Amino acid sequence: MLSKKRRRAEPPAIHPRNRYSEKPPNFGLLASLYPSFRPFVFSSSRSGRPTIDWTDFNATRELTRVLLLHDYGVHWWIPDGQLCPTVPNRSNYIHWIEDLLSSELIPARNDSDGKVRGFDIGTGANCIYPLLGASLLGWSFVGSDVTDVALEWARKNVESNPHLSELIEIRNANHALCSSDKKPTSEKFDGVVAVEPTAAVEEELLHPKPKEGHFCEPPILVGVVKNGENFDFCMCNPPFFESIEEAGLNPKTSCGGTAEEMVCPGGERAFITHIIEDSVSLKHSFRWFTSMVGRKANLKFLVSKLHKVGVSIVKTTEFVQGHTARWGLAWSFLPPSKKFIVANIPTKNHLSFMLEGLQRQFGAFQILKSVESFFQSIGAFCKSDFTSFCVNIMLSNERTAIILKDGSDNVGGSVASLTSNGSSNLQCPSNELSFRVSVFEQIPGTLLVKGSMLHKESPLSGVFSSLFWQLEEALKREFLSKSHAH
Ligand SMILES: C[S@@+](CC[C@H](N)C(=O)[O-])C[C@H]1O[C@@H](n2cnc3c(N)ncnc32)[C@H](O)[C@@H]1O
């Protein structure tokens with residue numbers, strides 16, 4: 001019998017391209033370089049290393065200021081009490097989006113010139129995501145918000161960085177409309193685009209009538225995104241909580257955060273549901289829609305909501321956020337690339353994904369059977385072990401060569417195929433491809449599927465990654481749509 005929690009999933013790691021992944025910030029060095037930071041730094045009584053008082057808002061704000069200046073060349077400030085971002089944590093979300101875009105799962109926009117354009121929903125006074133994305137990667141952004149203080153300080157933060165100001169536009173979401181069928185006219189002033197309400201909708205703006213069960217007001221994307229605008233992605237660190245009491249205060253840190261920033265009616269579940277509903281109307285305007293999610297139960301709810309509205313792909317990840325768990329949720333309505341080039345697939349020896357929201361009748365046994373038939377259908381030899389819930393998969397040289405060369409293995413009708421672009425890095429390797437797929441029941445309705453290459457140094461890890469991704473898509477299509485059809 002499979003135990004309910006066989007093994008813990010591997011803890012998430014800081015993103016490998018995060019500037020601080022190998023070397024955390026050196027407080028001693030920063031204190032010596034920045035006199036304004038010096039008063040906040042002292043030696044930890046436990047480790048003896050320089051540290052700060054994480055419960056002191058002034059200290060965390062000054063740390064963010066010097067990190068942004070020292071490591072990103074960004075001038076930054078926020079007024080007392082506003083949400084103070086932790087730079088290493090916020091960078092992980094940016095790098096995850098970078099991975100989504102570079103995976104080319106969803107093809108690039110035709111009108112992009114190779115330039116990436118993002119939309120940061122609720123950019124806050126700190127405007128952290130546009131500042132990081134623009135300074136690190138040269139991305140351009142629209143950052144939206146609804147409070148006067150956020151709009152004023154986000155603009156100030158952009159203006160303090162003339163080298164980035166061309167790339168970032170701050171937009172007032174209150175000036176947009178709630179309903180998708182009313183098209184706003186727009187006007188640009190002071191570098192800020194505001195949408196001018198027509199007389200007919202003025203009444204609705206002043207006295208909005210929320211639709212039942214819908215977090216309608218203020219608008220989030222529909223009405224804020226202008227006609228004809230296209231973006232590579234949207235991102236959002238939503239107001240997570242339903243009340244300021246629920247938001248509470250983490251006694252170990254002081255990152256500030258006002259009720260306007262942390263709280264909205266219905267909490268993050270309602271806020272992200274609103275983004276999902278808007279995404280249905282704007283499905284062709286974004287390659288990827290993404291949001292941060294603060295609660296596992298909400299992630300599960302939102303993933304099932306996404307399958308119901310007919311997205312073409314859903315991706316999730318877990319972020320390292322100190323002691324707090326946070327997840328990333330991404331989806332798209334666009335058809336994933338038909339030609340998925342092996343050379344572009346990140347090569348990894350261990351991969352995993354979660355199947356969440358499964359009906360109770362679909363357990364590890366059924367999933368393992370499906371894994372087996374998925375790989376058998378592409379001519380792999382499979383040896384299943386139903387006591388340890390794993391299947392060993394072996395693809396012969398010949399079979400792997402066919403997959404690499406002709407690209408005809410559009411497995412299980414999956415949207416991605418392994419098509420050679422004729423480049424020299426796709427020669428047929430001499431090794432067989434062998435890997436193991438294991439299924440672990442986490443809690444009822446949630447399974448972890450893990451894949452591991454059996455030969456660590458194999459040149460075929462790109463093929464393995466692509467096949468594993470196709471397996472994920474096929475299982476989600478098969479089991480999650482069945483679950484939601486009931
Ligand atoms: C948790 S804060 C995130 C701030 C910043 N992005 C960060 O990561 O630190 C959420 C932000 O969403 C803003 N907000 C709330 N409703 C909004 C809406 N309908 N459209 C745009 N922003 C909104 C709040 O004012 C707040 O600044």
Side-chain angles (χ1 to χ4, degrees), residues 57 60-61 64 68 76-79 81-94 96-97 118-134 141-155 157-158 168-179 192-195 205 208 210 214-225 234-242 244 246-247 250 253 255-278 282 290-295 319 321 324 326 328:
F57 175 82
T60 56
R61 175 173 58 182
T64 297
L68 285 172
W76 176 92
W77 194 245
I78 48 168
Q82 294 292 304
L83 185 61
C84 179
T86 318
V87 177
N89 290 352
R90 296 297 202 280
S91 311
N92 283 331
Y93 190 179
I94 292 281
W96 182 56
I97 290 178
F119 191 110
D120 180 26
I121 300 167
T123 200
N126 60 53
C127 194
I128 187 70
Y129 291 124
L131 291 172
L132 285 177
F141 277 87
V142 169
S144 71
D145 213 291
V146 288
T147 69
D148 290 345
V149 64
L151 292 162
E152 178 191 343
W153 278 87
R155 262 175 241 154
N157 277 315
V158 174
I168 305 172
E169 171 194 329
I170 302 301
R171 198 174 285 184
N172 187 343
N174 288 311
H175 289 175
L177 303 174
C178 187
S179 167
V192 177
V193 170
V195 178
L205 286 172
H214 187 275
F215 175 76
C216 180
E217 197 267 340
I220 297 185
L221 284 176
V222 170
V224 187
V225 170
C234 69
M235 64 192 306
C236 180
N237 178 11
F240 288 118
F241 306 104
E242 284 191 68
I244 196 70
E246 191 198 340
N250 179 349
T253 61
C255 294
T258 59
E260 288 77 13
E261 289 173 300
M262 316 293 281
V263 175
C264 78
E268 65 170 3
R269 187 183 275 220
F271 199 88
I272 303 169
T273 297
H274 188 168
I275 300 178
I276 293 175
E277 288 168 359
D278 279 6
L282 292 167
T290 78
S291 181
M292 185 116 83
V293 181
R295 279 207 188 158
F319 292 122
Q321 297 272 137
T324 319
R326 292 274 183 259

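Here the structure is a predicted model, which means the values were calculated and not measured. One-based numbering, in listed order, for ligands and for the atoms of each.
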When you measure from the side chain of [X] to the backbone of [Y], do you find a donor-acceptor pair of N or O atoms at a distance under 3.5 Å?
X      : Y      : answer
Asp145 : Gly124 : yes
Glu261 : Thr258 : yes
Thr123 : Asp120 : no
Thr147 : Ala150 : yes

By number and element, which atoms of ligand 1 are closer than 4.0 Å to a non-hydrogen atom of [X]?
X      : value
Glu260 : 24 (C), 25 (O)
Gly124 : 4 (C), 27 (O)
Ala173 : 20 (N)

N/O to N/O below 3.5 Å, does that happen between [X] and ligand 1?
X      : value
Pro85  : no
Asn126 : yes
Pro219 : yes

Near-ring test Tyr129/Tyr93, centroid separation under 6.0 angstrom
yes

Is [X] in contact with ligand 1, taking contact as a heavy-atom separation below 4.0 Å?
X      : answer
Cys84  : no
Glu261 : yes
His274 : no
Pro238 : yes
Phe240 : no
Ser144 : yes

Can a cation-pi geometry be assigned to Arg90 and Phe319, taking NZ or CZ under 6.0 Å from the six-membered ring centre and within 45° of the ring axis?
no

From [atom], work out which of [options] has a heavy atom at the shortest distance.
atom                    : options                        : result
atom 26 (C) of ligand 1 : Leu83, Asn89, Asp145           : Asp145
atom 14 (N) of ligand 1 : Asp148, Val146, Val149, Thr258 : Val146
atom 8 (O) of ligand 1  : Ile275, Ile121, Leu151, Asn237 : Asn237

From [X] [atom1] over to [Y] [atom2], what is the distance, rounded to the nearest 0.5 angstrom?
X      : Y      : atom1 : atom2 : result
Ser144 : Glu169 : OG    : CD    : 10.5 Å
Leu68  : Leu132 : CG    : CG    : 6.0 Å
Ile272 : Phe240 : CD1   : CZ    : 7.0 Å

